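Just below is one structure, and these are the notes that go with it.
Side-chain atoms are counted along with the backbone in the values below, which use heavy atoms only and exclude waters and symmetry mates. Every chain is numbered from 1 and lettered A, B, ... according to where its sequence line falls, protein lines coming before strand lines. Here the structure is a predicted model, which is why all the values come from computation and not from measurement.
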Number of protein chains: 2
Amino acid sequence: MSTELRDLMKTAPLHQQIAETIRGEIQTGSLPTGSRLPSEHALAQRFGVSRGTIRQARASLRADGTIAGSQGRRLAVNRPQLTQSLTELLSFSAWTESLGKTPTSIVIESGVTGADEECAEMLELQTGSTVFHVTRVRLADNAPLMIERTAFAPVLIEPLSTIDLADSSIYAELDKHGISVASARHLLSAFAATKVDARHLGLTTGAPLLRVQRVGYSLHGEPLEWSDDRYRGDQINFGIENSSVVSGVVRRMSNQEN
Amino acid sequence: MSTELRDLMKTAPLHQQIAETIRGEIQTGSLPTGSRLPSEHALAQRFGVSRGTIRQARASLRADGTIAGSQGRRLAVNRPQLTQSLTELLSFSAWTESLGKTPTSIVIESGVTGADEECAEMLELQTGSTVFHVTRVRLADNAPLMIERTAFAPVLIEPLSTIDLADSSIYAELDKHGISVASARHLLSAFAATKVDARHLGLTTGAPLLRVQRVGYSLHGEPLEWSDDRYRGDQINFGIENSSVVSGVVRRMSNQEN
DNA sequence: GAGTGGTCTAGACCACTCG
DNA sequence: GAGTGGTCTAGACCACTCG
């Protein structure tokens with residue numbers, strides 16, 4: 001029944017605590033990469049729980065790629081993964097801070113405008129609908145890394161009007177209003193810097209930029225924001241980790257034919 | 001006990017069949033985006049299985065982001081996702097074919113060479129170890145899309161020597177030898193075309209390319225291949241889908257400082 | 001053939017949501 | 001307070017792996 005464990009940390013469910021414990025053992029090296037995990041039976045005895053609970057814990061470790069295996073064989077510990085929370089991926093501020101650098105912004109332009117065709121399609125609005133538009137240069141330790149052009153859905157105009165766009169994380173501020181981006185779609189491509197891009201990023205026109213176009217959605221699937229972010233190609237890259245189990249990435253051809 | 005279902009397709013486990021059935025209903029629109037799924041109890045009755053089996057089916061639908069929800073509320077159907085299997089992501093041939101186009105290759109160079117420092121590190125070898133190197137231009141319907149420089153681990157030299165590199169999918173061929181890439185790491189960046197890149201892709205020097213550096217690993221975590229793929233920036237982009245649950249993507253800064 | 005993970009059941013209790 | 005999903009148990013059978 002594992003009363004000891006249950007008493008220690010009452011909040012989290014058992015299977016989650018067990019998953020965390022195993023994750024910890026992998027991180028400290030007691031379970032090195034390539035080694036095999038104890039059997040489900042052994043783990044069930046060790047933690048004093050049923051096999052079902054162990055399987056739940058292992059499901060979460062499999063889902064994030066920490067372990068892998070197949071029927072009849074003991075599960076193996078994988079290489080450590082490089083993953084980042086969605087918040088860090090979306091928020092330049094959160095990401096920069098997680099690297100120990102100071103994020104700043106220069107607001108080039110902001111205000112309410114009518115949505116152009118592309119923006120309207122992405123935000124699932126009528127062309128010309130009122131959106132809140134912001135163009136910012138984002139810097140880490142005062143070095144310009146990215147230029148960001150974002151349009152926010154009409155429902156966000158009200159809360160956004162009270163935010164200081166220059167130095168705060170928009171996501172952190174929206175969070176306080178109970179609004180958060182639960183999922184997103186990103187489109188990565190290579191792009192030649194325009195004159196404007198180049199000037200703001202300290203590059204020459206035509207320099208290669210990594211372009212990330214993205215739509216952020218609420219928990220209910222409503223589009224909240226549409227953004228065109230252009231990163232200095234010489235400074236930023238994106239890492240993607242896939243296993244044959246989990247794969248959320250797609251290579252696509254641009255639609256300039258047929 | 002659901003003998004009908006079990007008899008219909010004996011191979012796949014019940015929970016997988018149920019997940020597929022629900023996926024189908026979402027795709028055909030009987031369960032539209034935003035609608036709520038029937039309760040676990042109702043589904044258990046409908047399919048004649050226990051609640052545990054339904055929960056297994058739903059776990060797989062949650063894992064790939066098809067549905068989402070929280071305790072006490074009925075689960076909601078998400079927007080359709082764009083995902084691609086790892087095979088399609090790795091294999092230019094498989095991907096091109098899935099788009100109804102004909103993949104071809106022009107082999108620029110191939111043969112056994114010594115691994116340079118970067119290659120050796122990626123494949124976890126000693127610098128100078130013998131690897132099999134291939135440089136190919138990849139075309140879809142005769143249009144050049146990508147130039148690919150791949151180094152294969154020593155264990156693959158033997159099987160690769162029998163393959164016709166010009167027109168076959170290396171992955172499909174290796175599969176026949178029982179070798180497959182089970183997971184991979186990708187690094188995406190923007191890159192200015194070199195003179196060589198430009199000539200082979202029909203671009204001007206300095207044109208923006210989408211560069212994908214990747215390492216492919218076997219099921220046991222051994223590196224099998226290291227590749228530097230450069231896509232025409234005007235033709236190819238990568239789509240990434242994330243939810244706050246699953247996220248395998250990371251933004252990184254290049255390591256040209258401290 | 002022993003061990004192991006994959007599947008499935010039937011039932012219990014709890015926390016949360018909703019009207 | 002009824003409905004719903006989250007957690008957990010105890011036990012069963014099966015397919016696969018390994019020596």
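Between D:dG5, C:dG6, D:dC8, one nucleotide has an atom nearer to the side chain of B:R58 than all others, and that is D:dG5. Side-chain atoms of A:R55 lie closest to C:dT7 of the nucleotides D:dG5, D:dA10, C:dT7. Closest to the side chain of A:R74, out of D:dG5, C:dG5, D:dT9, is C:dG5. Taking only side-chain atoms of B:S39, from C-beta outward, the nucleotide of C:dC8, D:dG5, C:dG5 with the closest atom is D:dG5. Distance from the side chain of B:H15 is smallest for C:dT7 among the nucleotides D:dT7, C:dT7, D:dT9. For A:P13, the listed nucleotide lying nearest its side chain is D:dT7; candidates were D:dT7, D:dA10, C:dC16.
Whole-Å rounding puts the A:Q56 CD to D:dT9 C1' distance at 11 Å. Separating the CG atom of A:L14 from the C1' atom of D:dA10 is a distance of 16 Å, rounded to the nearest angstrom. When rounded to the nearest whole Å, the span between CD1 of B:I18 and P of C:dC8 equals 8 Å. Spacing between atom CD of A:E40 and atom C1' of D:dA10 amounts to 15 Å, rounded to whole angstrom units. With rounding to whole Å, A:F47 atom CZ is found 17 Å from D:dA10 atom P. Between A:Q17 atom CD and D:dG6 atom C1' the separation is 14 Å, expressed in whole Å. Note: CG (A:L75) to P (D:dT17) measures 13 Å, nearest angstrom. Atom P of nucleotide D:dC13 and atom CD of A:Q71 are separated by 17 Å, given to the nearest angstrom.
In this structure, B:R36 does not reach the D:dG5 phosphate: none of its side-chain N or O atoms is under 4.0 Å from OP1 or OP2. Between A:T53 and D:dT7, a side-chain N or O to OP1/OP2 separation shorter than 4.0 Å is absent.
Using modelled atom types, one finds a donor on one side chain and an acceptor on the other under 3.5 Å when comparing B:S93 with B:R138.
Using a cutoff of 4.0 Å between basic side-chain nitrogens and carboxylate oxygens, B:R46 and B:E25 are scored as salt-bridged.
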### Task
Go through B:R149 and B:E118 one step at a time and tell me if the salt bridge (charged side-chain N to carboxylate O under 4.0 Å, His left out) criterion holds.
CA-CA 13 Å; B:R149 296 171 176 89; B:E118 184 181 36; over 6 Å; no
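Look at D:dA15: its Watson-Crick or wobble partner, with both distances under 3.5 angstrom, is C:dT4.
Toward the 5′ end of DNA chain D lies the nearest nucleotide of A:I54, the other residue of the pair A:R51 and A:I54 mapping further downstream.
For the pair A:H41/A:R51, no side-chain contact is recorded, criterion being any heavy-atom separation below 4.5 Å from C-beta on.
Between the side chain of B:R185 and the main chain of B:V215, no donor-acceptor pair closer than 3.5 Å is present.
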